[in-house]
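The structure presented is a predicted model; accordingly, all values stated were derived computationally and were not measured. To find a chain, count down the sequence lines: A is the first, B the second, and so on, and within it residues start at 1.
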Protein chains: 2
Amino acid sequence: MKDQKLYKLSENFLYQNCVPEWRSVIDDNREIFVFKKGETIFREGDQLKGVYFIGEGKVKIHQRWEVEKNVIVRFARNGDMIGYRGMGSKKKLTASATAIEASSLMFIPINIFETSLKVNPQLAYILMDLYINELESTERRIRNMAHMDVKGRIVEALLMLKECFGMDEQGFIDIKLTKQEIASYVGATYETVSRVTMELESKKYIKSKGKSIAILKLKSLRELLTL
Amino acid sequence: MKDQKLYKLSENFLYQNCVPEWRSVIDDNREIFVFKKGETIFREGDQLKGVYFIGEGKVKIHQRWEVEKNVIVRFARNGDMIGYRGMGSKKKLTASATAIEASSLMFIPINIFETSLKVNPQLAYILMDLYINELESTERRIRNMAHMDVKGRIVEALLMLKECFGMDEQGFIDIKLTKQEIASYVGATYETVSRVTMELESKKYIKSKGKSIAILKLKSLRELLTL
DNA sequence: TCCTTTATATGATTTAAATCACATAACAAT
DNA sequence: ATTGTTATGTGATTTAAATCATATAAAGGA
């Protein structure tokens with residue numbers, strides 16, 4: 001079922017970078033999907049059927065490793081595109097996507113998206129830039145993984161989450177993650193994440209309420225990174 | 001000094017994906033630079049002045065971390081493009097590049113490259129795909145860093161190096177790296193790399209001669225990864 | 001609401017890998 | 001060659017973080 005209220009097409013970068021004549025094609029072919037918290041959007045190994053744009057909500061992109069061991073590769077929020085893995089429709093997805101909270105996504109079939117790329121010269125260009133930026137932050141994470149200790153990686157993750165998802169009125173980062181999810185992102189166990197966040201709390205560098213975390217002393221946290 | 005022998009322009013993907021009329025522009029504006037082993041091609045923090053295509057040789061892309069601590073982000077070989085970090089010439093390079101062996105590179109000034117992108121619709125497209133693939137392997141490395149032990153990461157690195165650089169007649173992987181360089185790539189210390197490679201050698205899974213390594217039992221090595 | 005499941009805190013123990021330490025080997029430079 | 005420098009192999013020690021083990025606290029379903 002299509003629900004216009006759940007997705008403002010005009011704010012979407014695909015729409016914005018297409019020539020006006022093409023916009024109706026997108027409008028005619030898009031579909032809106034709604035996912036509950038915890039629901040799978042796509043699974044690694046799946047055939048690539050199309051591309052998703054997040055309208056509302058938060059999503060984690062993750063890869064499996066043995067049973068129950070996960071790595072969260074990245075987080076995505078409204079406006080972000082997920083699932084695209086290059087041209088040639090025989091491609092397989094290399095990661096899964098799961099809704100962290102109730103989310104509505106716009107789906108564009110892969111053939112429509114690929115045609116969009118051909119018809120709108122701007123688009124490949126914008127996408128190229130987008131992937132370059134993503135690559136940059138991924139390379140940065142490799143560096144962090146290689147040389148930072150767990151505490152540093154957790155602090156770095158908290159700062160990234162603040163940047164990415166912003167804060168509510170009380171200063172809490174606007175995303176609710178379990179200790180296990182944080183652990184899967186930084187490459188650690190949930191026990192260690194629990195200990196480290198407890199330590200940061202006791203030092204009043206952060207505070208937490210349920211699954212929400214607020215940053216209290218940004219400066220002190222940043223200093224932990226430079227040691 | 002320009003030396004045509006050192007770089008076959010016709011084999012370059014930039015050249016191949018440009019409309020014929022544009023090729024002479026590239027030809028007129030390119031420069032060939034030759035680097036000795038260990039020489040710096042560019043340094044992180046540098047202003048982006050142009051793009052390099054490797055004609056001959058091998059290059060490592062690395063980021064600094066404190067004094068003398070390095071992470072090798074990736075390796076590059078002939079045909080690879082290095083140094084491009086997206087449009088907008090005010091961009092700064094986020095990693096350094098150093099020649100692992102004597103290399104010749106073709107340099108294209110950033111403004112020529114950016115115009116090439118605009119004039120040749122194919123190009124942004126090809127680049128987008130290229131960056132998607134790079135992102136994929138970088139994401140894979142994050143997963144490895146998070147969950148594999150050092151031995152696994154070293155084995156994975158050896159298999160990657162074999163894929164990337166090929167082997168000579170005697171089966172040795174066609175790249176010479178120090179233990180420290182391998183360590184910088186897998187995120188470990190050179191002592192640990194030394195110990196692990198010694199262990200693999202004693203099991204006859206690999207053999208080494210100077211700085212060259214040959215894979216003897218591919219199957220056994222692969223099995224180490226699935227444990 | 002109670003009850004099951006899932007998440008969290010925290011202690012005790014183990015372990016992989018870093019660090020420290022030194023001897024030897026390979027490589028470069030004079 | 002001769003000498004200094006950088007790379008390597010290996011042992012001993014330390015340490016950060018995983019694992020094992022429980023207790024408690026939330027969250028979700030019937």
Assign each of A/Val150 and B/Gly210 the nucleotide of DNA chain D bearing its closest heavy atom; nearer the 5' end lies the nucleotide of B/Gly210
Take B/Lys179 and A/Ala188, find for each the nucleotide of DNA chain D with the closest heavy atom, and name the residue whose nucleotide sits nearer the 5' end. B/Lys179
Spacing of B/Asp149 atom CG relative to D/dA16 atom P, expressed in whole Å: 20 Å
Could you tell me if B/Lys209 and B/Gln170 have a donor-acceptor pair between their side chains, going purely by distance under 3.5 Å? yes
Taking the six-membered ring for Trp and the single ring otherwise, decide whether the centroids of A/Phe75 and A/Tyr185 are under 6.0 Å apart. yes
Proximity of B/Phe53 and B/Phe13 rings by center, below 6.0 Å: yes
B/Tyr190 OH to C/dC20 C1', in whole Å, measures 10 Å
Which whole-number value in Å describes the distance from B/Glu191 CD to C/dA17 P? 14 Å
Respond yes when some side-chain nitrogen or oxygen of A/Ser194 is under 4.0 Å from OP1 or OP2 of C/dT8, and no when none is. no
If I take atom CE in residue A/Met198 and atom C1' in nucleotide D/dT24, what distance separates them, rounded to the nearest angstrom? 13 Å
Figure out the CG/P separation between A/Leu177 and C/dA7, and round it to whole Å. 13 Å
Pairwise side-chain contact, B/Met106 with B/Leu9, heavy-atom cut-off 4.5 Å (strictly under): yes
Tell me the interatomic distance from B/Met148, atom CE, to C/dA17, atom P, rounded to whole angstroms. 12 Å
Distance check needed: D/dA27 P versus A/Glu101 CD, whole Å only. 16 Å
Under 4.0 Å between a side-chain N or O of A/Thr192 and OP1 or OP2 of D/dA17? no
Is there a side-chain polar atom (N or O) of B/Lys211 under 4.0 Å from OP1 or OP2 of D/dT8? yes
5'-most by nearest nucleotide on DNA chain C - A/Thr178 or B/Arg195: A/Thr178
Between A/Glu136 and B/Arg85, is the closest basic N to carboxylate O distance under 4.0 Å? yes
If I take atom CD in residue A/Gln180 and atom P in nucleotide C/dT5, what distance separates them, rounded to the nearest angstrom? 19 Å
